[in-house]
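Each remark here refers to the structure printed beneath this line.
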Amino acid sequence: MRVKPLFIIISTLSLFLAVVLLSPTGPVVPSDSPNSAKSEIWNVKRIVEWRPCNWWLQSHPTPLPSKSNGYIRVDCYGGLNQMRRDFCDGVGIARLLNATLVLPKFEVAAYWNESSGFADVFDVDYFINKMNGFIKVVKELPPEISSKEPYRVDCSKRKGQFDYIESVLPSLLKYHYISITPAMSQRRDRYPKYAKAALCQACYSALRLTESLEKKANELLEAIPKPFLSLHLRFEPDMVAYSKCQYSGLSPTSMKAIQAARGDDRNPWTGEAAQIWRNRGKCPLTPNETAFILQALSIPTSTNIYLAAGDGLMEMEGLTSIYTNVVTKSALLSSEDFETMHGNTKAALDYHVSINSDSYMATYFGNMDKMVAAMRAFKGLYKTLFLSRRAFAKLTSEGLEGKPLMEALWKAHKDDFIMGRGSALSDCFCEFKL
């Protein structure tokens, strides 16, 4: 029996429509669009890199004076990377004041679930050896001083043009043994180069994990599927509460945890003030917002991601439902190892993995991120980027969504990556045009 041509045409059209209708929905992405694999953010050519300055790295340190003005101990508070930052600053201050450095005191803080000291995390002998010529470091004080408590000089709240020589040196000369907590905001541009060099040497060349901790960190590094992106994500209840930001669409469990962390004195901003605050980049990115930005930057959803983060992250399904190859230290380490670790130890593992990862991204610009980015620059690893909370807030407040939002986010982050913004600390690194 002969089939009529009209029937053949109708049958063909019907089959074509069925294929189209049954295909998965979603935007058709041109090969040259911002979120195609061809245009992955790491493929963008940089025009600036930050490298260790030659005046510090390749020059011989200024000879130390024959006589010291006394002993300084740096008292450090907070999480590991905050304490590390304060200690590095303290080394520079001690050299500035011509003091002998005593090993620092890492203050025990219940908030950080912490009880480990400097020697529990860092290799003391290695540090002393690497600082030779930059500053004198002692493990123990002489008998005539060891029985005394140091005279306390708290500089932590002082800001602006704070001068250590004018404000701290008299106490050092009077008491011969003092403890300091460095000022949060310092004018390091006033330091002579020998003091800056001591700070840089301490921060980037002399601090190495203890042998046992480095071994554990390398075991963790080996267990992570390669290549991988280390992602420092911050969306814990206390972080959100501290930001005073409001979020819609969070689960009841998350909202309850945030409210408990807020207490009575951290009420969130409301109305126009809330939007102004958000547009200033003050609100932590949710895991779902983070996943959206990663896609905008053409980070493949099959990417292996190591989650460099503390305990208590909320709304993680917003990330893991899109990026399915996410691993954590708690999953890779034995339960016995993980449960016996303190906060500093866990932070040290995250730091070690992050400075050795194939790429690094952070949703915040905190102490860990500054330390990791600078050390990656020191090691010549430039696949480092900070996701812009300010750009995301501003663009979404303008009504952008979907592909236009992705394109705008791509451009904002591309400009940052090209210029190497935030990739190093200016005190020890210099800008190199490529």
Side-chain angles (χ1 to χ4, degrees), residues 78-82 111-112 229-263 265-271 273-297 299 305-323 326 328 343 346-347 350-351 354 360-373 384-397 400-401 405 408-409 412-413 416 421-422:
L80 176 65
N81 291 289
Q82 180 180 334
Y111 177 82
W112 294 98
L229 160 70
S230 180
L231 176 64
H232 188 210
L233 179 61
R234 299 297 311 271
F235 201 69
E236 306 93 339
D238 62 306
M239 185 72 177
V240 175
Y242 182 78
S243 72
K244 296 188 175 183
C245 297
Q246 292 197 71
Y247 294 84
S248 60
L250 300 185
S251 69
T253 302
S254 296
M255 293 301 296
K256 184 178 179 180
I258 294 168
Q259 191 57 46
R262 280 189 178 134
D265 57 346
R266 289 182 178 174
N267 293 323
W269 295 104
T270 58
Q275 190 58 54
I276 292 172
W277 189 249
R278 183 172 289 276
N279 285 350
R280 290 178 61 194
K282 299 295 186 179
C283 297
L285 292 169
T286 69
N288 185 254
E289 290 168 345
T290 301
F292 186 90
I293 297 175
L294 293 183
Q295 287 179 290
L297 302 181
I299 303 301
I305 295 178
Y306 172 78
L307 199 61
D311 303 325
L313 282 174
M314 304 179 297
E315 304 291 315
M316 278 306 299
E317 63 279 1
L319 173 70
T320 56
S321 62
I322 299 169
Y323 287 87
V326 177
T328 63
K346 293 176 183 178
D350 283 342
Y351 172 83
S354 295
Y360 178 78
M361 287 186 175
T363 64
Y364 196 67
F365 193 50
N367 292 310
M368 173 175 167
D369 309 305
K370 294 171 186 175
M371 289 292 180
V372 167
T384 304
L385 191 63
F386 297 99
L387 305 187
S388 178
R389 293 166 293 162
R390 184 192 296 265
F392 185 84
K394 182 175 180 296
L395 293 168
T396 52
S397 71
L400 289 181
E401 57 184 21
L405 177 57
L409 286 168
H413 288 85
D416 284 352
R421 292 195 185 106

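- Contact between L400 and A408 at its shortest, heavy atoms only, is CD1-CB, 4.0 Å.
- When the side-chain contact (heavy atoms from CB on, under 4.5 Å) test is applied to E401, no partner is found at least two apart in sequence or on another chain.
- The minimum heavy-atom distance linking A391 with S388 is given by the pair N-OG, 2.9 Å.
- A search for salt bridge (charged side-chain N to carboxylate O under 4.0 Å, His left out) contacts involving E315 returns nothing, not counting sequence neighbours.
- Between R390 and N279 the shortest side-chain heavy-atom distance does not fall below 4.5 Å.
- For K244, there are no side chain to side chain donor-acceptor pair (under 3.5 Å) partners at least two apart in sequence or on another chain.
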Let me see the working for W269 and C245 under side chain to side chain contact (heavy atoms under 4.5 Å, CB included), right down to the final yes or no.
CA-CA 6 Å; W269 295 104; C245 297; 5.9 Å; no
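- No option in L233, T328, T286, N288 other than L233 meets the side-chain contact (heavy atoms from CB on, under 4.5 Å) test with M316.
- Applying the side-chain contact (heavy atoms from CB on, under 4.5 Å) rule to A260 yields no partners; only residues at least two apart in sequence or on another chain are considered.
- Every side chain to side chain donor-acceptor pair (under 3.5 Å) that S354 has, sequence neighbours left out, goes to S230.
- Listed by chain and number, the residues in a side chain to side chain donor-acceptor pair (under 3.5 Å) with N367 are R85 (sequence neighbours excluded).
- No side-chain heavy atom of T363 sits less than 4.5 Å from a side-chain heavy atom of D369.
- R389 and P284 get closest at one heavy-atom pair: CD-CA, 4.2 Å.
- Using a 4.5 Å cut-off on side-chain heavy atoms (C-beta onward), F386 and M361 make no contact.
- In this structure, E236 and M239 have side chains that are in contact, with non-hydrogen atoms separated by less than 4.5 Å.
- Contact check for H232 versus M368: side-chain heavy atoms found under the 4.5 Å cut-off.
- Qualifying ring-ring contact (aromatic ring centres under 6.0 Å, His included) partners for F235, counting only residues two or more places apart in sequence or in other chains: Y247.
- Two residues are said to be in side-chain contact when any heavy atoms from C-beta on lie closer than 4.5 Å; V326 and L231 fail this criterion.
- In this structure, the side chains of L285 and R234 stay at 4.5 Å or more apart for every pair of heavy atoms.
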Could you walk me through whether F292 and L409 pass the side chain to side chain contact (heavy atoms under 4.5 Å, CB included) check?
CA-CA 10 Å; F292 186 90; L409 286 168; 3.8 Å; yes
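- Not a single side chain to side chain donor-acceptor pair (under 3.5 Å) links N81 to another residue, sequence neighbours left out.
- Counting only residues at least two apart or on different chains, no salt bridge (charged side-chain N to carboxylate O under 4.0 Å, His left out) pair has a member in residues 273-288.
- The side-chain contact (heavy atoms from CB on, under 4.5 Å) search around A241 returns A261, R262, R266, not counting sequence neighbours.
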